[in-house]
Every structure is written in structure tokens, then in C-alpha cells.
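Just so it is clear: chains get the letters A, B, ... in the order the sequence lines come, proteins before strands, and each one is counted from 1.
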Amino acid sequence: MRDDELQRALLDWYDAHARDLPWRVGPAARMRGELPDPYGVWLSEVMLQQTTVAAVKDYFLRFTTLWPTVGDLAAAEDADVMGEWAGLGYYARARNLLKCARVVAGDMDGRFPETEDGLRELPGIGPYTAAAIASIAFDRPAVVMDGNIERVMARIFAVETPLPAAKPELKSHAARLTPEDRPGCHAQALMDLGATICTPKSPACGICPVMAACAARKAGIAAGLPAKAPKKAKPTRHGIAYLVQREDGAWLLETRPEKGLLGGMLGWPGSDWVEGEPAATPPLDAAWHDPGLEVRHTFTHFHLRLSLRVARAPLNAVPRRGDFHELATFRPASLPTVMRKAFDLAKGAMPATSAPH
DNA sequence: AACCCGGGGTG
DNA sequence: CACCCAGGGTT
């Protein structure tokens with residue numbers, strides 16, 4: 001199959017099977033050549049970094065309801081945006097999202113740059129996202145490369161070099177296939193194909209629109225591509241978290257430092273997370289109980305076992321760290337997942353009343 | 001180039 | 001439970 005036949009088969013499949021997603025224009029509008037709102041394309045592409053469509057949908061709808069334009073988002077409170085992002089992960093994305101919104105709204109009259117180079121200057125927009133926005137929102141023939149497209153290229157052209165060494169070769173194949181006409185639909189077709197048919201583990205080659213073009217399928221090696229360099233093991237770290245509730249129901253929380261793990265998010269005061277024995281340093285003086293509960297959570301590069309301590313505190317308690325958050329305004333959903341797990345475990349194990357110490 | 005960043009899905 | 005997936009920023 002020639003490159004142009006492959007492009008045609010891919011686009012025909014996309015026109016017939018494109019998923020109806022909140023950030024896309026409908027089928028009729030797409031066939032008229034209408035382009036989607038750049039704000040929605042940008043927001044969805046940032047949310048989709050390292051994250052599946054299923055996980056992103058509700059967050060996207062919530063964000064666009066609260067903040068319909070980039071100007072609305074730029075004017076939002078930091079804490080509100082961080083709270084709405086809670087649970088989606090990679091929180092640097094949310095901090096960069098706000099920075100980017102404020103540059104676009106403040107310096108660019110609310111309009112995103114239309115070129116890959118211009119987009120690439122903005123916070124949180126790297127090579128993939130710049131190419132995706134230029135292609136999808138502005139109809140530019142940028143070469144879009146994400147993990148899905150790398151996998152599809154590795155298979156169609158049976159590239160057996162392991163990643164990441166294979167990246168230049170995979171990009172040259174993708175560049176050759178990128179059309180001048182409807183480049184955004186071409187890129188989305190490749191990503192949809194990778195997400196739904198040309199999947200990592202067991203690709204559905206039997207229903208693939210480009211099976212006739214796929215060298216890996218012919219050779220029977222599709223499921224094993226792309227080859228990858230071996231990864232290293234994750235260590236286990238230990239920590240202690242302190243959950244204390246005041247007589248009026250308020251919980252003691254602290255905002256974590258901007259940089260580093262869970263940066264800028266709310267969390268329970270506690271020890272550092274270390275591979276040895278964590279240092280116990282309660283955030284206030286109280287009768288602390290050890291309910292024997294442990295949160296297990298895995299981050300990108302380590303496993304965490306977080307041991308819980310619980311206490312009640314009087315109304316006049318003065319914490320050494322953190323601030324009490326009134327029960328009326330405290331939303332567990334605004335916590336990152338590991339902190340929400342700790343809350344769910346601890347709230348069933350709180351001591352009955354505050355006790356003298 | 002190597003390392004730092006979550007959370008969801010699969011087997 | 002172990003393992004897999006996968007962009008941007010920083011150093």
C-alpha cells in the first residue's frame with residue numbers, strides 16, 4: 001500500500017468512526033471544514049497528557065462550565081483551579097495551565113498563537129502539545145508525535161529499534177505521512193487508532209483500517225512493538241500523616257510547597273517520605289492515637305506506605321504547621337488521591353472526644 | 001540524557 | 001498485587 005492510500009484509508013476510517021468527544025466539533029461541522037475552539041483544544045490536550053480520554057471527559061466539562069474562555073480561566077483563583085484539578089495527577093500541569101492562560105489572556109488578547117513555534121513558547125506546551133494545537137485548531141501540517149503515534153508508526157513500518165533510540169526514525173515516517181489537507185483529522189485519526197485498535201498489549205489487527213499497510217502484522221510481531229529499553233525498579237518509602245479534627249469539625253491541612261511532589265496541593269501535615277524510618281513530628285500537641293492504619297499508594301517512581309495518626313483538638317488549639325479548614329468549606333474531592341485515601345481511612349477511626357495529654 | 005512528576009487500567 | 005502506559009520541566 002502506498003503512503004497516499006494509507007492516508008486515505010485512515011481518513012475514511014476517521015470520518016466513519018471518530019469518537020464524539022466534548023472538545024471536538026460534530027461530524028457535520030467537521031465535513032464543512034470547521035475547526036474546534038483553540039481554548040478547548042489546548043485545555044483538552046493538556047489534560048490528555050499522560051491521561052486517558054475516559055479520565056479527562058468530566059474534568060473537561062467541569063472546567064469549561066466554570067471557565068468558558070481563556071480569559072475566565074486566567075481570572076480564576078489559583079486554589080479553585082488546583083482544587084478542580086485534584087485527582088487528575090501531574091499537578092505541574094495545572095500550575096502551568098494557569099500561567100499559560102494568564103499570558104494568552106494578558107499579552108495576546110485572548111488568542112492562542114497559530115504556529116508550532118509560537119505555541120511552544122507558552123508554559124506547559126511542549127513539542128507534542130504545540131504540534132497538536134497547531135494541527136487540530138489551526139489546520140497546520142505539524143508533525144504530531146505522541147506515544148500512540150509512535151506505536152502505530154513502529155508497527156506499520158516494523159521498526160524494531162527500541163525506544164527511545166527509535167524516536168527520530170518514527171518521526172520521519174510520521175512526517176512523510178502528514179498531509180497538507182486536514183492535518184488535524186489525520187493526527188487525531190492516528191491517535192484514535194492507537195487508543196482503540198492499535199493498542200499496546202493486544203492490538204485488534206483484524207478490524208484495523210490499515211492492516212493491509214502494516215509490516216509488523218505481516219511479520220506477526222505487532223504486539224511486541226515498539227521495543228523498549230528496560231526500566232528500573234521502584235523503591236518503597238515510608239511516612240507518617242497526622243489527621244486532627246477540631247471540636248467544631250475543622251480539619252488541619254497544609255498547602256504543600258509549589259515545587260516537588262503534589263506541589264501546590266492541599267495535604268495532611270506529616271513526616272518526610274523516606275526509605276528508612278520516618279521522623280515523627282506532630283503538627284500540634286494533642287493525644288495522638290495510632291489506629292494501625294496504613295495508606296498504600298504508588299507514585300511515578302516510588303511506592304509509599306503512609307502510616308496514620310489521629311487526634312481531636314480543642315477550639316483554641318494552635319498548630320505549629322498548617323491551618324484548620326472549616327468543615328463547611330472543606331471538600332475531600334479537592335485533595336490529591338493519596339491524601340483522600342488517608343482521609344477515607346482515618347475518618348472511621350477518629351477518637352471519640354478530645355482528651356488531655 | 002537523566003530524572004522528577006499521578007493515576008488509571010490490565011492481568 | 002505487579003506491571004504497563006506516557007508529555008513537560010528541570011538539571
Side-chain angles (χ1 to χ4, degrees), chain A residues 41-59 82 84-100 116 119-133 142-154 162-168 170-171 187 190-191 194-196 198-204 223-237 256-267 273 294-306 333-342 344:
Chain A
V41 173
W42 163 71
L43 180 60
S44 65
E45 289 300 342
V46 172
M47 288 181 165
L48 287 165
Q49 291 166 7
Q50 311 293 95
T51 311
T52 59
V53 164
V56 162
K57 264 188 183 170
D58 289 347
Y59 283 87
M82 298 309 290
E84 289 298 331
W85 195 276
L88 203 50
Y90 286 110
Y91 298 97
R93 294 186 295 172
R95 300 193 296 275
N96 286 327
L97 189 82
L98 255 176
K99 282 186 201 161
C100 181
E116 217 173 332
L119 288 159
R120 188 67 185 70
E121 303 281 314
L122 292 164
I125 299 186
Y128 161 73
T129 308
I133 298 172
V143 182
V144 180
M145 288 307 287
D146 75 342
N148 285 312
I149 297 181
E150 282 181 353
R151 186 171 58 254
V152 171
M153 292 300 127
L163 286 172
K167 281 175 182 279
L170 297 174
K171 183 164 182 176
L190 284 174
M191 291 189 280
T196 62
C198 195
T199 53
K201 295 288 196 211
S202 46
L225 295 182
K228 301 199 169 182
K231 53 234 151 258
K232 51 188 245 186
K234 296 180 204 270
T236 297
R237 295 186 193 175
R256 300 173 60 88
E258 278 295 303
K259 289 184 178 263
L261 191 71
L262 307 178
M265 300 300 292
L266 277 181
W273 299 342
E294 188 182 68
V295 172
R296 292 183 182 210
H297 189 78
T298 298
F299 291 96
T300 314
H301 54 298
F302 65 92
H303 302 287
L304 175 66
R305 294 184 179 204
L306 188 62
S334 71
L335 297 173
T337 299
V338 65
M339 300 298 175
R340 191 179 44 68
K341 282 186 190 172
D344 289 343

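Spacing between B:dG8 and C:dG9 at atom P, rounded to whole Å, works out to 23 Å. Taking the P atoms as reference points, B:dC5 lies 22 Å from C:dC5, given to the whole Å. The separation of C:dG7 from B:dT10, taken at their C1' atoms, amounts to 22 Å, rounded to a whole angstrom. Going from the C1' atom of B:dG9 to that of C:dG8 covers 23 Å, rounded to whole Å.
Proximity of A:Leu170 to A:Met145: side-chain heavy atoms (C-beta onward) are separated by under 4.5 Å at one or more points. Taking 4.5 Å as the limit, every side-chain heavy atom of A:Met339 sits out of range of all side-chain heavy atoms of A:Leu266. The shortest distance between side-chain heavy atoms of A:Arg95 and A:Met82 falls below 4.5 Å. Between A:Thr51 and A:Arg93, the closest side-chain pair of non-hydrogen atoms falls below 4.5 Å.
Looking only at atom types and distance, the side chain of A:Tyr128 has a donor-acceptor partner in the side chain of A:Glu45 under 3.5 Å away.
What separates CG of A:Asn96 from P of B:dC5 is a distance of 14 Å, to the nearest Å. We find that CD of A:Gln49 is positioned 12 Å from C1' of B:dC5, with the value rounded to whole Å. Across the protein-nucleic acid pair, A:Leu304 atom CG and C:dA2 atom P stand 14 Å apart, rounded to whole Å. Rounded to whole angstrom, the span from the CG atom of A:Leu163 across to the C1' atom of C:dC4 amounts to 14 Å. Rounded to a whole Å, the CG atom of A:Leu48 is 12 Å from the P atom of C:dG8. For A:Leu170 and C:dG7, the CG to P distance is 13 Å, given to the nearest whole Å. Between the CZ atom of A:Arg93 and the C1' atom of C:dG7 there is a distance of 9 Å, given to the nearest Å. At whole-Å resolution of the value, CH2 in A:Trp85 and C1' in B:dC5 are 13 Å apart.
Residue contacts shown for A:Arg151 are limited to sugar-phosphate atoms, with no base heavy atom under 4.0 Å away. Across all strands, A:Thr129 comes closer than 4.0 Å only to sugar-phosphate atoms, never to a base (heavy-atom distances). Across all strands shown, A:Pro164 has no heavy atoms under 4.0 Å from either base or sugar-phosphate atoms.
A pairwise comparison of heavy atoms in A:Tyr91 and A:Thr337 identifies OH-N, 4.3 Å as the closest pair.
Distances shorter than 4.0 Å separate some side-chain N or O of A:Lys228 from OP1 or OP2 on C:dA6.
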> Does the side chain to side chain contact (heavy atoms under 4.5 Å, CB included) test come out yes or no for A:Leu48 and A:Asp146, once each step is laid out?
Replying inline: CA-CA 11 Å; A:Leu48 287 165; A:Asp146 75 342; over 6 Å; no

Report each atom pair, protein N/O against N/O of nucleotides 7-11 of chain B, whose distance is under 3.5 angstrom.
unit_1, atom_1, unit_2, atom_2, d
B:dG7, OP1, A:Tyr91, OH, 2.5
B:dG7, OP1, A:Thr337, N, 2.9
B:dG7, OP1, A:Thr337, OG1, 3.1
B:dG7, OP2, A:His297, NE2, 3.0
B:dG7, O5', A:Thr337, OG1, 3.4

